[in-house]
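The structure appears below as structure tokens.
Quantities reported herein were computed from a predicted structural model and do not represent experimental measurements.
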Amino acid sequence: MSTVVDRSRASHRAYETLLEEIQSGALAAGAVLGEVEQAARLGVSRTPLREALRRLAAEGLVVQQSPRVTVVAALDADDIRALFEIRRALEETSARLASQRGDAGAFSALADAFEHVDLARDEGRDAYYALIARLDAELDAAVANDYLSSALRTVRAHLVRVRRMARDKPERLAASAREHLLIARSLASRDADLAAHATHIHLHNALESILQSLREGTP
């Protein structure tokens with residue numbers, strides 16, 4: 001029993017490390033994840049590493065090119081458009097439901113926090129992304145739909161990679177903060193139509209900015 005638990009913990013640790021490295025860009029698209037090398041680097045045996053890689057493959061973050069070769073999945077303009085198609089459907093639905101089911105006080109507090117974000121410093125930008133994660137968590141809790149939350153978790157795993165494209169664009173970051181403020185306010189006021197519309201506008205602007213970055217060759 002202990003062996004099974006230890007293997008599960010090792011697999012989860014390897015998964016979390018690889019996920020963070022893929023999302024941060026430390027492991028770039030196309031990077032080869034050799035079993036022997038990665039197991040040694042992460043300090044796990046090959047069995048839990050394989051389990052971690054299978055989990056990442058199921059989420060579309062790595063691709064098995066052959067039985068022995070796994071690479072970090074690419075993320076091109078078509079992938080991003082497809083990601084945002086499903087993101088719109090899920091997040092607009094989530095906003096509508098959360099505006100009806102959620103804690104208005106919690107969303108009001110989040111709106112206050114978005115109103116006072118400091119995007120001029122790295123620490124402030126980190127705090128801003130943490131605030132977005134808090135809003136996502138509050139939305140999930142309000143909706144209380146495991147199927148919807150599970151689908152959104154998969155989408156969000158990819159979005160962390162995409163969001164890096166906006167981090168060094170101050171104008172877009174400031175606009176995004178204002179858009180999140182409107183979303184939080186509409187949720188706090190229980191305005192389902194405005195919450196869905198504000199979410200739609202935010203996603204439209206985010207997608208256009210990301211595609212522009214790709215056209216300009218921004219890393």
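- Following chains of ILVMFWY side-chain contacts shorter than 4.5 Å, one can reach Leu75 starting from Leu211, so the two form part of one hydrophobic cluster.
- Counting heavy atoms from C-beta on, the side chains of Ile201 and His197 come closer than 4.5 Å.
- Between Leu135 and Leu131 there is no side-chain heavy-atom pair separated by less than 4.5 Å.
- A heavy-atom distance below 4.5 Å is not found between the side chains of Asp136 and Leu152.
- At distances below 3.5 Å, at least one donor-acceptor pair connects side-chain atoms of Thr93 with backbone N or O atoms of Ala89.
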message = What verdict does the side-chain contact (heavy atoms from CB on, under 4.5 Å) test give for Arg185 and Asp191, after you've listed the backbone C-alpha separation in whole Å, the side-chain angles of each residue and the deciding distance to 0.1 Å?
response = CA-CA 9 Å; Arg185 281 178 173 168; Asp191 189 330; over 6 Å; no
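- Between the side chains of Glu216 and Gln212, a donor-acceptor pair is found at a separation under 3.5 Å.
- Placement of Val162 and Val155 within a single hydrophobic cluster is found when ILVMFWY residues are connected by side-chain heavy-atom separations under 4.5 Å, directly or transitively.
- A heavy-atom distance below 4.5 Å is not found between the side chains of Gln65 and Thr70.
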message = Show, in sequence, the C-alpha distance, side-chain angles and deciding distance for Glu92 and Arg88, and conclude whether the salt bridge (Lys or Arg N to Asp or Glu O under 4.0 Å) test is met.
response = CA-CA 6 Å; Glu92 289 178 35; Arg88 282 195 189 103; 5.0 Å; no
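- Scanning both residues, Ala192 and Gln100, for their nearest heavy atoms gives CB-NE2, 4.0 Å.
- With sequence neighbours left out, His202 forms a ring pair (Phe, Tyr, Trp, His ring centres under 6.0 Å) with His180.
- Leu214 CG to Ser209 OG: the interatomic distance, rounded to the nearest 0.5 Å, is 10.0 Å.
- Looking only at distances, a side-chain donor or acceptor of Ser189 sits under 3.5 Å from a matching main-chain atom of Ser186.
- The heavy-atom pair separating Leu49 from Ala39 by the smallest distance is CD2-N, 3.6 Å.
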From CA spacing to verdict: side-chain contact (heavy atoms from CB on, under 4.5 Å), Phe84, Ile210 = CA-CA 11 Å; Phe84 269 77; Ile210 291 163; 3.9 Å; yes
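- Distance check: Leu18 CG to Leu56 CG gives 6.0 Å after rounding to the nearest 0.5 Å.
- If you take OG1 on Thr199 and CZ on Arg96, they are separated by 9.5 Å, rounding to the nearest 0.5 Å.
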request  = Start with the C-alpha distance between Arg54 and Glu59, add both sets of side-chain angles, then the distance that settles salt bridge (Lys or Arg N to Asp or Glu O under 4.0 Å), and finish with yes or no.
outcome  = CA-CA 9 Å; Arg54 279 196 292 270; Glu59 294 172 352; over 6 Å; no
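- Taking each heavy atom of Ala74 and Asp79 in turn, the nearest pair found is O-OD2, 3.5 Å.
- The backbone N or O of Leu119 lies less than 3.5 Å from a partner atom in the side chain of Arg125, making a donor-acceptor pair.
- Proximity of Val69 to Gln64: side-chain heavy atoms (C-beta onward) are nowhere separated by under 4.5 Å.
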Between side-chain atoms of residues 141-151 and protein atoms elsewhere (two or more places apart, or another chain), which donor-acceptor pairs fall under 3.5 Å?
| unit_1 | atom_1 | unit_2 | atom_2 | d |
| --- | --- | --- | --- | --- |
| Asn145 | OD1 | Tyr147 | N | 3.0 |
| Asn145 | OD1 | Leu148 | N | 3.0 |
| Ser149 | OG | Asn145 | O | 3.1 |

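- Between Ala104 and Arg190, the closest heavy-atom pair is N-NH2, 3.8 Å.
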query = Going through the checks in order, is the side-chain contact (heavy atoms from CB on, under 4.5 Å) test met by Ile80 and Asp76?
reply = CA-CA 6 Å; Ile80 293 170; Asp76 61 19; over 6 Å; no
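- Using a 4.5 Å cut-off on side-chain heavy atoms (C-beta onward), Leu97 and Leu139 make no contact.
- Residues Val44 and Arg9 form no side-chain contact, since every pair of their non-hydrogen atoms from C-beta on lies 4.5 Å or further apart.
- If you take CD1 on Ile132 and CG on Leu110, they are separated by 11.5 Å, rounding to the nearest 0.5 Å.
- Under the 3.5 Å distance criterion, the side-chain polar atoms of Gln23 are matched with a main-chain donor or acceptor of Ala157.
- Closest approach of Leu187 and Ala98 over heavy atoms only: CD2-CB, 4.0 Å.
- Here the straight-line distance linking atom CZ of Arg55 with atom CG of Leu61 works out to 11.0 Å at 0.5 Å rounding.
- Here the straight-line distance linking atom CG of Leu42 with atom CD of Glu37 works out to 11.5 Å at 0.5 Å rounding.
- Among all heavy-atom pairs drawn from Gly43 and Arg13, the shortest one is O-NH2, 3.7 Å.
- Between Tyr128 and Leu173, some side-chain heavy-atom pair lies under the 4.5 Å cut-off.
- Criterion: ILVMFWY side-chain heavy atoms under 4.5 Å apart, direct or through other members. Under it, Leu207 and Leu90 are part of a common hydrophobic cluster.
- For residues 14-28, the pairs satisfying salt bridge (Lys or Arg N to Asp or Glu O under 4.0 Å) are Glu21-Arg41, with sequence neighbours left out.
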